[in-house]
Enquirer: 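Sharing a structure, written as structure tokens. Questions coming.
Just so it is clear, the structure is predicted and the values come from calculations on it, not from any experiment. For the single chain, residues carry numbers from 1 onward in sequence order.
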Amino acid sequence: MGSLLLVAASLHFSVLAEDSLHTGFNQLLVEHVKPIANGASTQVDYSGFKRDSARLTTYLESLAKVPKATFDSWENDDQLAFLINAYNAYTIELILTKYPGINSIRDLGGFFSSPWKKEIAPLLGKKRTLDEIEHELIRGGNKYNEPRIHFAVNCASIGCPALREEAYIGARLDLQLEAQTKRFLSDTSRNRMDGDILKLSKIFDWYGDDFESAGKTRQSWRGTSTLNEFILLYKDALKLSPQQVSALVQGNANIEFLEYDWALNDTQ
């Protein structure tokens with residue numbers, strides 16, 4: 001009987017992973033995330049999330065109930081969608097602990113502490129930090145080999161790629177990540193090419209290794225092995241001219257990384 005119950009529970013959570021597990025978070029995002037800059041980015045109505053904090057808590061509690069064994073049985077896309085949603089939802093909850101009395105997520109840290117190192121997320125059998133979710137579960141060991149996650153996880157800052165107005169779902173994850181990547185690269189306040197100088201978000205500096213595989217054990221992503229090759233996949237989003245494309249292909253373009261704006265991505 002015990003084994004049958006375990007199987008039933010596993011099947012139950014598998015179904016949830018594919019559809020209804022993220023429904024509550026999806027509705028909150030629909031209600032409280034607003035497109036700006038002609039859709040190139042978003043702002044977050046943290047006041048609205050504050051009013052609906054009980055709904056956010058219910059969603060996070062549902063994530064905490066998913067056993068690690070069940071998570072391990074899911075397809076990679078379901079796992080990754082789960083982890084991205086968890087990161088984003090716990091980041092919002094962290095902001096709400098001091099909102100509206102903060103101007104940046106970094107206000108939640110101190111000289112000897114970091115908001116990303118606070119143990120705030122009961123997930124997959126232990127209490128985790130945001131850093132653990134991102135760098136160990138999502139990026140660790142290159143299990144998912146997915147550089148586009150950097151345009152999906154959201155650090156509650158203006159400089160960060162947009163928080164998507166819907167939850168990530170395994171069945172649509174590739175389409176969602178592709179849309180987020182094009183959206184971010186089309187935002188000229190964060191990424192652009194001026195002449196032969198490619199001006200990119202600091203994200204590409206901090207996580208450069210995730211976009212490169214040449215001479216490393218890291219698996220190539222869609223045939224790319226360098227940052228230039230990754231960028232060239234999205235030349236249309238960046239509106240690159242033929243001359244700029246040629247400069248990137250030939251390695252003649254200079255790269256500059258733009259300053260990161262840590263101000264809160266609030267609608268206020």
Enquirer: Do T129 and D131 have side-chain atoms, one donor and one acceptor, less than 3.5 Å apart?
Expert: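 No, because no side-chain N or O of T129 sits under 3.5 Å from a partner of the opposite role on D131.
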Enquirer: Could I get the full list of ring pair (Phe, Tyr, Trp, His ring centres under 6.0 Å) partners for H32, not counting sequence neighbours?
Expert: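 Partners of H32 by the ring pair (Phe, Tyr, Trp, His ring centres under 6.0 Å) criterion, ordered by chain and then number, come out as F49.
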Enquirer: Rounded to the nearest 0.5 Å, what's the gap from CG on D266 to CD1 on I102? Could you check?
Expert: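 With rounding to 0.5 Å, CG (D266) is 9.0 Å from CD1 (I102).
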Enquirer: Hey, is the main chain of K182 close enough, under 3.5 Å, to the side chain of S186 for a donor-acceptor pair?
Expert: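 Yes, the answer is positive, given that a donor and an acceptor are paired below the 3.5 Å cut-off.
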Enquirer: Counting only N and O atoms by type, is there a donor-acceptor contact under 3.5 Å from the side chain of N26 to the main-chain atoms of A167?
Expert: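 Here the side-chain-to-backbone pair exists.
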Enquirer: Provide the closest heavy-atom pair for P161 versus N154 in the form atom of the first, atom of the second, distance.
Expert: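 Nearest pair, atom of P161 first, then N154: O-ND2, 2.8 Å.
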Enquirer: Classify the side-chain pair S225/E229 by whether it contains a donor and acceptor separated by less than 3.5 Å.
Expert: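 Yes, E229 and S225 have a side-chain donor paired with an acceptor closer than 3.5 Å.
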Enquirer: Quick one: do R164 and E178 satisfy salt bridge (Lys or Arg N to Asp or Glu O under 4.0 Å)? Show the steps, please.
Expert: CA-CA 12 Å; R164 193 166 178 81; E178 192 68 2; over 6 Å; no
Enquirer: Find out whether K239 and R192 are in side-chain contact, i.e. whether some heavy atom of one side chain is under 4.5 Å from a heavy atom of the other.
Expert: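 No, side chains not in contact.
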Enquirer: For the pair R172 and D174, find out whether any cationic side-chain nitrogen is under 4.0 Å from an anionic carboxylate oxygen.
Expert: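 D174 and R172: not salt-bridged.
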Enquirer: Going by heavy atoms in the side chains, are L80 and E146 under 4.5 Å from each other?
Expert: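 Yes - at least one pair of side-chain heavy atoms lies under 4.5 Å apart.
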Enquirer: Under a single-linkage definition using a 4.5 Å side-chain heavy-atom cutoff for Ile, Leu, Val, Met, Phe, Trp and Tyr, are L232 and I197 assigned to the same hydrophobic cluster?
Expert: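 No; tracing contacts between hydrophobic side chains, which count when under 4.5 Å, never links both residues.
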Enquirer: Taking atom CZ of R148 and atom CG of L173, what is their separation to the nearest 0.5 Å?
Expert: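 Reported value, rounded in 0.5 Å steps: 7.5 Å.
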Enquirer: Are I255 and N228 close enough that some pair of their side-chain heavy atoms sits under 4.5 Å apart?
Expert: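 A side-chain contact under 4.5 Å exists here.
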Enquirer: Do N145 and N142 meet the criterion of a side-chain donor-acceptor pair at a distance under 3.5 Å?
Expert: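 Indeed, the side chains of N145 and N142 share at least one donor-acceptor pair under 3.5 Å.
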Enquirer: Just by distance, no angles: are the side chains of S246 and Q250 close enough, under 3.5 Å, to form a donor-acceptor pair?
Expert: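 Indeed, the side chains of S246 and Q250 share at least one donor-acceptor pair under 3.5 Å.
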Enquirer: Should the ring pair F204 and F211 be called parallel, tilted or perpendicular, given that the plane angle runs from 0 to 90° and is split at 30 and 60?
Expert: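 Rings of F204 and F211: tilted, 30 to 60°.
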Enquirer: Considering residues at least two apart in sequence or located in another chain, which fulfil the side-chain contact (heavy atoms from CB on, under 4.5 Å) criterion with A89?
Expert: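 A89 satisfies side-chain contact (heavy atoms from CB on, under 4.5 Å) with F25, L56, Y59, L60 only.
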Enquirer: Should L137 and Y87 count as side-chain neighbours, where that means a heavy-atom distance under 4.5 Å?
Expert: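 Side-chain contact under 4.5 Å: no.
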Enquirer: Determine whether L198 and E256 make a side-chain contact, defined as any pair of heavy atoms from C-beta on separated by less than 4.5 Å.
Expert: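 Not touching, per the 4.5 Å side-chain cut-off.
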Enquirer: Do D77 and Y144 meet the criterion of a side-chain donor-acceptor pair at a distance under 3.5 Å?
Expert: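 Their side chains do not contain a donor-acceptor pair, so the 3.5 Å distance test is not met.
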Enquirer: Taking the side chain as everything from C-beta on, heavy atoms only, tell me whether S47 gets closer than 4.5 Å to R51.
Expert: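 A side-chain contact under 4.5 Å exists here.
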Enquirer: For the CD1 atom of I158 and the OG atom of S41, what is their distance to the nearest 0.5 Å?
Expert: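 OG of S41 is found 8.5 Å from CD1 of I158.
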Enquirer: Would you sort out whether Q27 and E31 count as a side-chain hydrogen bond (donor to acceptor under 3.5 Å, both in side chains), showing the intermediate values?
Expert: CA-CA 6 Å; Q27 190 58 41; E31 294 173 19; 3.1 Å; yes
Enquirer: Scan side-chain atoms only and decide if Q43 and Q268 contain a donor-acceptor pair under the 3.5 Å cut-off.
Expert: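 No, because no side-chain N or O of Q43 sits under 3.5 Å from a partner of the opposite role on Q268.
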Enquirer: Could you check E136 against K126 for salt bridge (Lys or Arg N to Asp or Glu O under 4.0 Å), going step by step and ending with a plain yes or no?
Expert: CA-CA 13 Å; E136 295 180 19; K126 62 174 288 191; 5.6 Å; no
Enquirer: Set out, in order, the CA-CA distance, both residues' side-chain angles and the distance that settles side-chain hydrogen bond (donor to acceptor under 3.5 Å, both in side chains) for Q244 and K235, then state yes or no.
Expert: CA-CA 9 Å; Q244 290 170 330; K235 62 183 185 295; over 6 Å; no
Enquirer: Indicate yes or no: at least one non-hydrogen side-chain atom of I36 is less than 4.5 angstrom from one of T42.
Expert: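 When only atoms from C-beta onward are counted, T42 and I36 do not touch, as no gap falls below 4.5 Å.
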